*Asks:* 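Have a look at the structure that comes next, please.
In this text the structure is predicted, and so the values were computed from the model without any measurement. Below, chains carry the letters A, B, ... as their sequence lines are ordered, and counting in each starts from 1.
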There are 2 protein chains.
Amino acid sequence: MNRPAPDLLKPRKTPLQARSTVTVEAIHTATIQVLLADGVGRLTTTRVAERAGVSVGTMYQYYPHKQALLFAIVERQLDLIVTAMLAAVEQLKGRDLRSVAEGLATAWLDAKMADVVSSRAIYGIAAEFDLAELMDRAKVALVEAISSLLKAVPDARLADTNSAAFMLTALLGGSVRVVMEAVTEEEDFERLRRELPRACFGYLRLVSNEPAERARNADQ
Amino acid sequence: MNRPAPDLLKPRKTPLQARSTVTVEAIHTATIQVLLADGVGRLTTTRVAERAGVSVGTMYQYYPHKQALLFAIVERQLDLIVTAMLAAVEQLKGRDLRSVAEGLATAWLDAKMADVVSSRAIYGIAAEFDLAELMDRAKVALVEAISSLLKAVPDARLADTNSAAFMLTALLGGSVRVVMEAVTEEEDFERLRRELPRACFGYLRLVSNEPAERARNADQ
DNA sequence: TCCAAAACTGAAGGATCATTCATATCTTAG
DNA sequence: CTAAGATATGAATGATCCTTCAGTTTTGGA
């Protein structure tokens, strides 16, 4: 997709006085609100500023671009998720397969559901410009952590922990995203919360029971 | 997000002569190309027209909006997927659990991978305006079909085929989407192709082995 | 109290874009 | 061959938006 100069994407200056800290925070939440209310297509610097109760110029004191603003917001949210997941991984070290599978799933669900509003809003930005790099970095870190977590599970030996970790993140990230983006009645959330841990466990159990080599020429 | 008038979203007129059919097709593919090359944010009527080798005015003879154009494209792509999946469901009626699980997964993968280019491009539109309704209709149809397919599996009895079907579509749609949207080296595609069918089977097997009632107060 | 730095303001410049319409070209039935 | 309908053109219009900057207000320390 787009290839924004990856350098000029950083905030312009850091708030020093208490006043400006408040301002930056206001801009941040206003952005998310506008994003939700009007969609990415209607996300306007003026609109955001208005909603934040500041002037457009103010925003440009902290962010050189509209893009930089969006970038910063996504980055923050991404950090939250990754941090939460790494903590969960730490918690789950040494526990059995079911605990690990279900623990990862609920950790992910909790992290995303904690701020459904922000999460949902942020999905909308992803397509707008190149976040692939950012997301990729997060993904790599996660896969690595989960992979080594899987190696240490006492009651199962996985042939390819890397693939398993990769698939796990895809399952977690994908299903939660898809469900959150849909109109979704509350019922769907409940189903997701109930079924996702089971899906993770089901997958891991299957993978860990298999012999190391491929011994299955499916019945097509 | 946005709420576009759902009525004024239809194509303006249908091509009659051969010439215009070619034109419409050119516009269609041009849109996807621009979408991929420049992202949604840079998707301009002029740019699309230019790429299609026609004039802007021409495009407005067939679509009343830019939105209508995007809408039409998504709709077509969605139809392809749903049709492919319904065909797969038909094929899989009466087969055992593993065949069903793996069959659904590969059907989904095939449908999406058949035109990676279009699929990837289309993910970008979703956020731009309200496709929720459209997607929801597709989802409901799919869940229903899969649910009844699961009921007929001979070697397993699922307590809640609806939840299972729902979760299955979330897993399929989500993981494939997430992987396709990432920068993704070819290796990741292979992993997905290998692991996704297993994930589906693992989930279904787990769900079908469980007693009907909840009998598991997790070990948290 | 006073001032230099920090924050904030918002009108205006400059650019991009969606959409229209008067005009030109092509197609085909008769 | 010809006229009527179908299709295509693209400059012009009006709207929206990002970004800047000259000037104003606020803050916190001396």
*Asks:* Any donor-acceptor pair under 3.5 Å linking the side chain of A/Arg120 with the backbone of A/Leu36?
*Replies:* no

*Asks:* Considering heavy-atom distances to DNA chain C, does B/Tyr60 or B/Arg19 have its closest nucleotide positioned more toward the 5' end?
*Replies:* B/Tyr60

*Asks:* If you pin B/Val56 and A/Ser20 to their nearest nucleotides in DNA chain C, which one's is more 5'?
*Replies:*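 Result: A/Ser20.
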
*Asks:* D/dC17, D/dA8, C/dT9: which one has an atom nearest the side-chain heavy atoms of A/Arg47?
*Replies:*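 My answer, after comparing the listed nucleotides, is D/dC17.
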
*Asks:* Taking A/Asp188 first and then B/Lys139, would you say they form a salt bridge - that is, a charged N and a carboxylate O separated by under 4.0 Å?
*Replies:*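 Judged by the 4.0 Å cut-off on N to carboxylate O distance, A/Asp188 and B/Lys139 do form a salt bridge.
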
*Asks:* Between atom CE in B/Met59 and atom P in D/dG10, what is the gap in whole Å?
*Replies:* 14 Å

*Asks:* Specify the separation, in whole Å, of atom NE2 of B/His65 and atom P of C/dC17.
*Replies:*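 From B/His65 NE2 to C/dC17 P: 19 Å.
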
*Asks:* Can you check whether B/Leu150's main-chain N or O pairs, donor with acceptor, with B/Thr161's side chain at less than 3.5 Å?
*Replies:* no

*Asks:* Could you state the CD-P distance from B/Gln67 to C/dT19, rounded to the nearest angstrom?
*Replies:* 8 Å

*Asks:* If I take atom CD in residue A/Gln61 and atom P in nucleotide D/dA22, what distance separates them, rounded to the nearest angstrom?
*Replies:* 14 Å

*Asks:* How many Å lie between CD on A/Glu50 and P on C/dT9, as a whole number?
*Replies:* 13 Å

*Asks:* With a 4.0 Å limit, can you tell me whether B/Thr23 has a side-chain N or O closer than that to the phosphate oxygens OP1/OP2 of D/dA8?
*Replies:*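 Looking at the OP1 and OP2 atoms of D/dA8, one of them is under 4.0 Å from a side-chain N or O of B/Thr23.
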
*Asks:* Could you say whether A/Thr45 or A/Gly57 is positioned toward the 5' end of DNA chain D, judged by the nucleotide with the nearest heavy atom to each?
*Replies:*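 Its nearest nucleotide lies further toward 5', so the answer is A/Thr45.
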
*Asks:* Tell me whether the OP1 or OP2 atom of D/dC17 has a side-chain N or O from A/Thr44 closer than 4.0 Å.
*Replies:* yes

*Asks:* So B/Thr58, base contact, sugar-phosphate only, or nothing? Heavy-atom distance under 4.0 Å.
*Replies:* base

*Asks:* Of all the choices, D/dT19, C/dA18, C/dC8, which nucleotide is nearest to the side chain of A/Lys66 once you look at every atom?
*Replies:* D/dT19

*Asks:* In this structure, how many angstroms lie between the C1' atom of C/dA18 and the CG atom of B/Leu43, rounded?
*Replies:*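 Going from B/Leu43 (CG) to C/dA18 (C1'), I get 12 Å.
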
*Asks:* Determine which pairs satisfy side chain to side chain donor-acceptor pair (under 3.5 Å) with at least one residue from residues 68-91 of chain A, sequence neighbours left out, and list them in order.
*Replies:*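 For residues 68-91 of chain A, and leaving out neighbouring residues, the side chain to side chain donor-acceptor pair (under 3.5 Å) pairs sorted by first residue read A/Lys10-A/Glu75, A/Glu25-A/Arg76.
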
*Asks:* A/Gln17 near the nucleic acid: base, sugar-phosphate alone, or nothing, with a heavy-atom cut-off under 4.0 Å?
*Replies:* sugar-phosphate

*Asks:* So A/Tyr63, base contact, sugar-phosphate only, or nothing? Heavy-atom distance under 4.0 Å.
*Replies:*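 It contacts nothing in the nucleic acid.
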
*Asks:* Round to the nearest Å and state the distance from A/Ile27 atom CD1 to C/dA7 atom P.
*Replies:*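 The answer, rounded to whole Å, is 12 Å.
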
*Asks:* To the nearest 0.5 Å, how far apart are CG in A/Leu104 and CE in A/Met85?
*Replies:*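 Reported to 0.5 Å precision, the distance equals 5.0 Å.
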
